S.K.: 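Here it is, the structure in full.
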There are 2 protein chains.
Amino acid sequence: MITIKDLAAASGLSKSTVSRVINHSPNVKPETRERVMEAVEKLGYQPDILARGMITGMLPMVLVIVGDIQNHYFTQALAGIETTLEEQGFMVVVFDSSYDPERIVTSIHMAKTCRFAGIIPMTGFGSKRVISTLQDLDCPVILLNCHRDHVAFDRIYGDDFGAGYAATRALLRRGYRQIYHFSGNSTESFISAERERGYLAAMKEAGISVDGSMVLRGDLRQDSGARLAARCLKSAKSQVALCCNNFLMCLGAMNYAQQHGLVMWKDYGMAICEQPPVFFMKSEFIYAGPKLREIGRAAAQLLLDRINHPGRKPAVQPFPMLDIYDP
Amino acid sequence: MITIKDLAAASGLSKSTVSRVINHSPNVKPETRERVMEAVEKLGYQPDILARGMITGMLPMVLVIVGDIQNHYFTQALAGIETTLEEQGFMVVVFDSSYDPERIVTSIHMAKTCRFAGIIPMTGFGSKRVISTLQDLDCPVILLNCHRDHVAFDRIYGDDFGAGYAATRALLRRGYRQIYHFSGNSTESFISAERERGYLAAMKEAGISVDGSMVLRGDLRQDSGARLAARCLKSAKSQVALCCNNFLMCLGAMNYAQQHGLVMWKDYGMAICEQPPVFFMKSEFIYAGPKLREIGRAAAQLLLDRINHPGRKPAVQPFPMLDIYDP
DNA sequence: GTGAAAGCGCTAACAA
DNA sequence: TTGTTAGCGCTTTCAC
């Protein structure tokens with residue numbers, strides 16, 4: 001491995017001068033800089049990021065904590081995060097927590113002892129331990145789509161209220177009035193609750209009173225989508241529409257419908273309050289949701305800002321951009 | 001941050017002794033060990049992985065190079081890789097290459113200068129530059145589902161021939177004889193070519209001669225699946241079946257079918273030569289493919305072996321386990 | 001069984 | 001503008 005010592009020897013200069021050139025310090029004679037760069041080219045030098053990290057106290061790596069790497073929700077945001085960070089020379093360490101707070105805490109400790117430049121948690125905020133672990137950290141943290149009331153941290157979140165609202169509105173515009181909302185357990189997931197709130201707001205605005213029977217609770221997974229669909233679509237009246245809190249429940253509902261010979265927009269309407277996986281974009285159904293890739297980019301950008309300007313007060317940054325698709 | 005220096009002071013011992021305890025060296029008096037561990041507990045010491053990496057020349061991190069983080073093919077394998085590596089205290093750095101060889105090379109350099117413990121490339125092996133970059137590396141590398149003839153590296157690959165064979169067989173067993181294969185450009189993707197080979201073998205074995213018109217070439221994406229379906233299913237004879245090289249083409253074909261009122265298993269048969277995304281497992285269609293999560297685990301295990309036993313000759317390790325689903 | 005000292009490759013004071 | 005020196009926190013000889 002080529003080190004600055006080798007460069008120093010090859011160029012007849014000292015290690016410090018070489019270091020200055022490498023780090024683009026302005027206080028170097030152009031001629032000297034050239035001499036060093038020659039050696040760099042000739043020997044194929046590449047700085048040891050680890051050694052540098054020891055001194056500067058920072059490794060150009062960012063920990064991103066997801067709940068499930070196989071879920072498009074996370075990978076779409078991840079794509080945005082990675083693109084942005086890579087442009088600035090950072091690498092992304094992905095931790096698939098399986099939504100387990102204990103493992104999240106472990107990963108955060110790991111990040112600390114590796115002196116990561118920052119952490120972007122996208123999940124796991126039920127646990128006090130996670131919060132307090134992060135607080136003891138003294139490391140830039142951007143909460144992405146976590147609860148908004150963790151005032152100690154920078155946080156960015158999508159407009160899931162707007163998503164629920166827009167999805168419902170789109171159905172209303174098509175003339176549906178009997179619109180069911182397939183929701184999650186709203187006390188558990190903040191995002192899920194926001195979407196539900198958006199649905200309720202749109203219904204209210206349209207002057208439609210929503211009684212308890214219109215909001216059906218599932219577990220945000222496919223099976224419960226099918227189960228709930230069975231309850232609403234049994235008597236297949238064409239004026240019924242489903243506003244699904246998330247994609248997986250929609251998929252379950254669509255499966256149910258298909259198996260029972262129900263055709264979308266003929267026998268029932270369908271909208272989702274989030275972006276579907278890429279290969280389901282521009283399909284038949286309506287969707288409205290925060291642009292996941294973009295919100296990932298924004299979170300990464302925010303993190304970079306924090307890295308470059310430490311000591312600023314943490315702030316909430318709403319991310320209003322919605323992807324609304326109404327075919 | 002608590003360092004071994006602090007532990008030494010707290011326990012009245014030297015840094016070296018503390019280091020021995022931390023690293024489970026046998027040459028320490030039990031009593032001394034206890035004294036150190038007390039200090040560790042009391043002060044909440046956590047070793048600085050970076051500093052350790054400088055000495056040992058290895059950071060417990062592994063670079064995994066994927067083609068597209070939003071593709072379930074990669075994330076499923078990634079899930080297996082991560083689980084296995086995490087158990088051994090390694091972290092996973094995911095690099096989404098967008099299949100770009102130049103960016104892959106950059107990421108490999110990054111891994112080197114960070115002294116990563118290993119690299120698992122899952123894509124990007126068209127380029128000679130990638131290969132030679134890896135060869136200059138002196139770092140454990142496990143090629144996962146890349147070309148098999150890179151003899152300089154350890155490599156593991158799934159039984160994609162078997163997948164194509166099994167998928168086709170399942171259709172044959174159901175009585176289909178007019179089975180189209182939606183393939184990729186087989187010169188580009190080795191995996192795609194293997195699946196095609198499996199299809200051809202099964203057809204041959206069944207005594208069905210396959211002329212050129214039965215293998216249709218697309219680009220492995222959704223649109224081409226729909227386009228090819230239009231060619232085969234137009235005259236909707238119920239004895240036609242599609243054997244899709246990958247999930248996305250299958251999805252395109254299913255969309256086409258649905259929009260034209262064709263019902264699976266009534267109007268046409270469908271099989272895929274790979275595992276679909278989790279939420280499409282146990283659906284209507286047949287699939288057969290290497291168990292992606294398991295192959296990920298196996299690759300990670302192989303990497304760990306190489307890290308612990310350097311200097312062994314690189315070898316191919318076929319991974320025969322198939323997930324065959326025939327509802 | 002334990003301690004002292006060297007050094008990994010680099011940056012960041014401080015001198016010159 | 002450049003060189004010298006002192007570490008970062010740890011592991012690893014080599015003495016004792």
Side-chain angles (χ1 to χ4, degrees), chain A residues 1-37 39-40 43-61 89 109-117 138-139, chain B residues 1-37 39-40 43-61 89 109-117 138-139:
Chain A
M1 198 177 179
I2 310 295
T3 72
I4 50 169
K5 204 170 149 190
D6 301 318
L7 294 182
S11 61
L13 292 157
S14 74
K15 285 199 300 173
S16 350
T17 305
V18 171
S19 175
R20 278 191 272 265
V21 172
I22 305 292
N23 292 287
H24 309 105
S25 156
N27 305 323
V28 183
K29 242 204 312 202
E31 185 210 310
T32 310
R33 160 160 294 122
E34 203 159 315
R35 205 135 56 96
V36 172
M37 290 315 289
V40 166
L43 301 180
Y45 168 79
Q46 294 203 291
D48 184 318
I49 294 177
L50 242 136
R52 181 179 286 170
M54 281 229 49
I55 313 282
T56 62
M58 192 200 88
L59 211 54
M61 297 200 189
H109 280 138
M110 196 86 173
K112 177 179 186 159
T113 69
C114 290
R115 305 189 197 182
F116 278 16
D138 186 33
C139 163
Chain B
M1 200 176 176
I2 310 295
T3 73
I4 50 168
K5 204 171 149 191
D6 301 319
L7 294 181
S11 61
L13 292 157
S14 73
K15 286 198 301 174
S16 345
T17 304
V18 172
S19 175
R20 282 191 198 97
V21 172
I22 305 292
N23 291 287
H24 309 105
S25 157
N27 306 323
V28 182
K29 245 202 311 201
E31 184 212 310
T32 310
R33 161 161 293 122
E34 202 158 317
R35 205 138 53 98
V36 173
M37 289 316 288
V40 167
L43 302 180
Y45 168 78
Q46 293 203 291
D48 184 317
I49 295 177
L50 241 153
R52 180 179 287 169
M54 280 229 50
I55 313 280
T56 64
M58 193 199 86
L59 211 53
M61 297 200 190
H109 280 137
M110 196 85 172
K112 178 180 187 159
T113 67
C114 291
R115 306 194 191 171
F116 277 18
D138 185 36
C139 163

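Keep in mind the model is a prediction, meaning the values are calculated, not measured.
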S.K.: Taking the side chain as everything from C-beta on, heavy atoms only, tell me whether Pro60(B) gets closer than 4.5 Å to Arg52(B).
M.R.: no
S.K.: With nearest nucleotides of DNA chain C determined for Arg33(B) and Ile55(B) from heavy-atom distances, which residue corresponds to the more 5′ nucleotide?
M.R.: Arg33(B)
S.K.: What's Ser19(B) touching, base or sugar-phosphate or nothing? Going by heavy atoms closer than 4.0 Å.
M.R.: base
S.K.: Please state how far atom CG in Asp6(A) lies from atom C1' in dC8(C), giving the value in whole angstrom units.
M.R.: 13 Å
S.K.: Between dA4(C) and Ser14(B), is there an OP1 or OP2 to side-chain N/O distance shorter than 4.0 Å?
M.R.: no
S.K.: Would you indicate, yes or no, if dT11(C) has its OP1 or OP2 atom less than 4.0 angstrom from a side-chain nitrogen or oxygen of Asn23(A)?
M.R.: yes
S.K.: As a test of reading the structure: which of dA12(C), dT2(C), dC8(C) is closest to the side chain of Leu13(B), going by heavy atoms?
M.R.: dT2(C)
S.K.: Indicate the atoms forming the closest heavy-atom contact of Met61(A) with Phe116(A), along with that distance.
M.R.: O-CB, 3.4 Å
S.K.: Donor-acceptor check, side chain of Arg35(A) to backbone of Ser11(A), threshold 3.5 angstrom: yes or no?
M.R.: yes
S.K.: Decide, yes or no, whether a salt bridge links Asp138(A) with Lys112(A) under the criterion of side-chain N to carboxylate O below 4.0 Å.
M.R.: no
S.K.: Base, sugar-phosphate or nothing for Ser16(B)? Non-hydrogen atoms, less than 4.0 Å.
M.R.: base
S.K.: Distance under 4.0 Å to a non-hydrogen atom of chain A counts as contact; along DNA chain D, which nucleotides mark the start and end?
M.R.: dT1(D) to dG9(D)
S.K.: At under 4.0 Å between heavy atoms, what does Asn27(A) touch on the DNA or RNA strands: base, sugar-phosphate, or nothing?
M.R.: base
